[in-house]
**Student:** 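Quick one: the structure is below, questions incoming.
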Amino acid sequence: MLTIERGLEIVMSTAKAKDRADWMPVETVQLQESMHRILREDVFCDADSPRFDKAIRDGFAVRFEDLGEIPAVLTVIGESRAGVAAGVTVARGQCCEIMTGAPMPAGANAVVMVENTERLSPASVRILKTVRLNEGLLRRGAEARQGDKILEAGRSIGLADIGLLAGAGKASIMVSRKPRVAVIATGDELVEIDEEPQAGQIRNSNTYTIYAQVKEAGAEPVLLGIGRDNLEDLRRKIGRGLEYDILLVSGGVSMGKYDLVETVFREFGVEVLFDKIAMKPGKPTVFGHRGNTYVFGLPGNPISTMVSFHMFVRPLIRFLLKAENTGPKVLHATLDAPTKCDPERAALVPALIRFDAGRYWIRTAPWKGSSDLAGLARANALIMIPRRSGNLEAGETAQFLLLE
Ligand code: AMP
Ligand code: MG
């Protein structure tokens, strides 16, 4: 059976082989709508930042040389406030009142905080504490220089980036168009969430978790409803789904008599590249492609679906978006208690993670298997238990994925 790593390699090499420069296309969004989108242009600083020598304290702009002896009384010769420079030159024995964000007057080379001063009269102030050269101010260009590349294409736009882009005058930004991802849940036992399940029925939860995962990954989910476990209905739904960039079908991919999804994929000419992964949960994961569409059959059990999505679908979406980081974010922790490994399959198990004494500690959380969403909700991580015989011992390092 294929390892997770090999499965992921197949997905990514298929995507690379199909990759074209115009895929995904670029679109322009307003800055305020750009959070978490993937940047598709390099962004350069349009001016030095800060644009001028700037006070970062409220107080008095001074010559630090005048404060060799403290307290010192200085003559106040003007006021510089944010947006309005003082237009004075500070000479020996002088200072200029100044506010945070205001331009430094010529001649001054430090700012004394107002808390360390005592105003004696409109024209004089007593300075109670000495300052170092350049204390309380930022020199022009200290953060970035005009023409510096401040952000690179491929980056996921974060909060600081939005502020940075605003400062650089970028009202609109080029980002990747979102891939459109069709989502089909399958199963004769499924009813919608606003319905009351009858005997033997359950509510469809995968559509909603997949929807959230697709959004989080940066793509646009399109819900195609529930496909029933018969060829006609699956053909109808899967036929529609193949018109999208990615088609995700949950359920109907294991060994049961009514697991017909892979059959219908093949009928439609989907080239199936794998249909099993040595992973627990998530073994019956199907991946294939047809034309410009990537196709996944995700195992029906709710946690299996999530894990398979995370390991295989999310990296593909990130690749289509031309994001610089495609892989899952794997962290390391020290194991609290021994955990049994499986020589056949790598396992991803709900776990509890805590941060103590400078590092992460992890232990598995109680759960009842791959449909136990309540157990998963009590956990805050998925521990990755490697495929091998024996135990992962307490004190050993284990990899984990953080759940949000
Ligand atoms: P399957 O892969 O179709 O054999 O489904 C495996 C298990 O997952 C069964 O217990 C299904 O009832 C359950 N399941 C399948 N699809 C969903 C869904 N959309 N929401 C919740 N549970 C599901
Ligand atoms: Mg089923």
Side-chain angles (χ1 to χ4, degrees), residues 1-2 7 181-217 221-238 240-241 244 246-267 270 272 274-288 295-314 345 347-350 367-379 382 403:
M1 226 184 317
L2 289 182
V181 181
V183 180
I184 301 170
T186 70
D188 284 342
E189 75 282 28
L190 301 179
V191 300
E192 267 316 341
I193 50 173
D194 53 359
E195 292 175 62
E196 194 56 41
Q198 304 300 308
Q201 295 185 323
I202 59 167
R203 291 200 181 95
N204 166 22
S205 64
N206 288 348
T207 291
Y208 302 91
T209 57
I210 294 173
Y211 182 94
Q213 285 184 292
V214 169
K215 281 242 164 188
E216 187 282 330
V222 180
L223 302 184
L224 299 186
I226 297 173
R228 299 303 170 186
D229 292 322
N230 62 73
L231 288 171
E232 301 73 62
D233 200 36
L234 289 177
R235 283 180 187 133
R236 202 159 36 238
K237 297 248 160 45
I238 288 173
R240 278 181 64 201
Y244 294 82
I246 300 177
L247 166 61
L248 303 179
V249 182
S250 89
V253 285
S254 38
M255 301 304 288
K257 192 167 154 195
Y258 299 99
D259 291 330
L260 303 171
V261 169
E262 197 179 331
T263 309
V264 177
F265 283 170
R266 290 184 194 274
E267 277 183 12
V270 171
V272 174
F274 61 76
D275 61 4
K276 261 177 222 59
I277 294 288
M279 168 167 111
K280 191 169 76 175
K283 180 173 153 191
T285 295
V286 179
F287 170 67
V295 178
F296 288 90
L298 302 175
N301 262 313
I303 299 173
S304 317
T305 309
M306 283 180 202
V307 168
S308 279
F309 182 100
H310 197 83
M311 301 314 273
F312 303 107
V313 185
R314 190 175 189 283
R345 292 194 275 164
L348 284 118
V349 177
W367 73 317
K368 298 275 185 290
S370 54
S371 63
D372 186 6
L373 286 168
L376 184 65
R378 284 190 295 267
L382 281 174
L403 301 172

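Both ligands and their constituent atoms are indexed starting at 1 by order of listing.
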**Student:** Heavy atom to atom 5 (O) of ligand 1, shortest distance: which of Pro302, Gly300, Ser254, Gly200 holds it?
**Tutor:** Gly300
**Student:** Under a 4.0 angstrom heavy-atom cut-off, which atoms of ligand 1 come close to Ala185?
**Tutor:** 19 (N)
**Student:** Taking atom CZ as the centre, does Arg228 end up with more than 12 heavy-atom neighbours from other residues, nucleotides or ligands that are less than 6.0 angstrom away?
**Tutor:** yes
**Student:** Please list, in number order, the atoms of ligand 1 under 4.0 Å from a heavy atom of Asn301.
**Tutor:** 6 (C), 7 (C), 8 (O)
**Student:** Counting from 1, what ligand 1 atoms have a heavy atom of Asn204 closer than 4.0 Å?
**Tutor:** 18 (C), 19 (N), 20 (N)
**Student:** Can you sort out which atoms of ligand 1 are near Glu189, meaning under 4.0 Å from one of its heavy atoms?
**Tutor:**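 In order of numbering, the contacting atoms are 11 (C), 12 (O), 15 (C).
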**Student:** Counting only heavy atoms closer than 4.0 Å, does ligand 1 sit against the backbone of Ser205, its side chain, both, or neither?
**Tutor:**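 Under 4.0 Å from ligand 1, Ser205 contributes backbone and side-chain atoms.
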**Student:** Of all the atoms in ligand 1, which lie at a distance below 4.0 Å from a heavy atom belonging to Gly252?
**Tutor:** 1 (P), 2 (O), 3 (O)
**Student:** Of the backbone atoms (N, CA, C, O) and the side-chain heavy atoms from C-beta on, which set of Thr207 has a member under 4.0 Å from an atom of ligand 1: side chain, backbone, both, or neither?
**Tutor:**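 Neither part.
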**Student:** Is there a salt bridge (charged side-chain N to carboxylate O under 4.0 Å, His left out) between Arg203 and Glu192? Walk through the geometry before answering.
**Tutor:** CA-CA 6 Å; Arg203 291 200 181 95; Glu192 267 316 341; over 6 Å; no
**Student:** Taking Val286 as the fixed residue, which of Leu298, Val272, Val270 is the one that meets the side-chain contact (heavy atoms from CB on, under 4.5 Å) rule?
**Tutor:**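 Among Leu298, Val272, Val270, the one that satisfies the side-chain contact (heavy atoms from CB on, under 4.5 Å) with Val286 is Val272.
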**Student:** Do Phe265 and Phe287 make the cut of ring centroids closer than 6.0 angstrom?
**Tutor:** no
**Student:** Which residue, Asp275, Asp259, Asn301, forms the side-chain hydrogen bond (donor to acceptor under 3.5 Å, both in side chains) with Ser254?
**Tutor:**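 Only match with Ser254 under side-chain hydrogen bond (donor to acceptor under 3.5 Å, both in side chains): Asp259.
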**Student:** Which one holds for Thr186 and ligand 1: side chain close, backbone close, both close, or neither close, with close meaning a heavy atom under 4.0 Å?
**Tutor:** backbone
**Student:** Between Glu232 and Arg236 (salt bridge meaning N to carboxylate O under 4.0 Å), is one present in this structure?
**Tutor:** no
**Student:** Should Val222 and Tyr244 count as side-chain neighbours, where that means a heavy-atom distance under 4.5 Å?
**Tutor:** yes
**Student:** Given side chains that start at C-beta, do those of Trp367 and Ile303 come closer than 4.5 Å, heavy atoms only?
**Tutor:** yes
**Student:** Quick one: nearest non-hydrogen protein atom to atom 17 (C) of ligand 1, plus distance?
**Tutor:**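 The answer is Asn206 ND2, 3.2 Å.
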**Student:** Within a distance under 4.0 Å of any heavy atom of Ile202, pick out the atoms of ligand 1 and give their elements.
**Tutor:**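 Matching atoms, with element in brackets: 12 (O), 21 (C), 22 (N), 23 (C).
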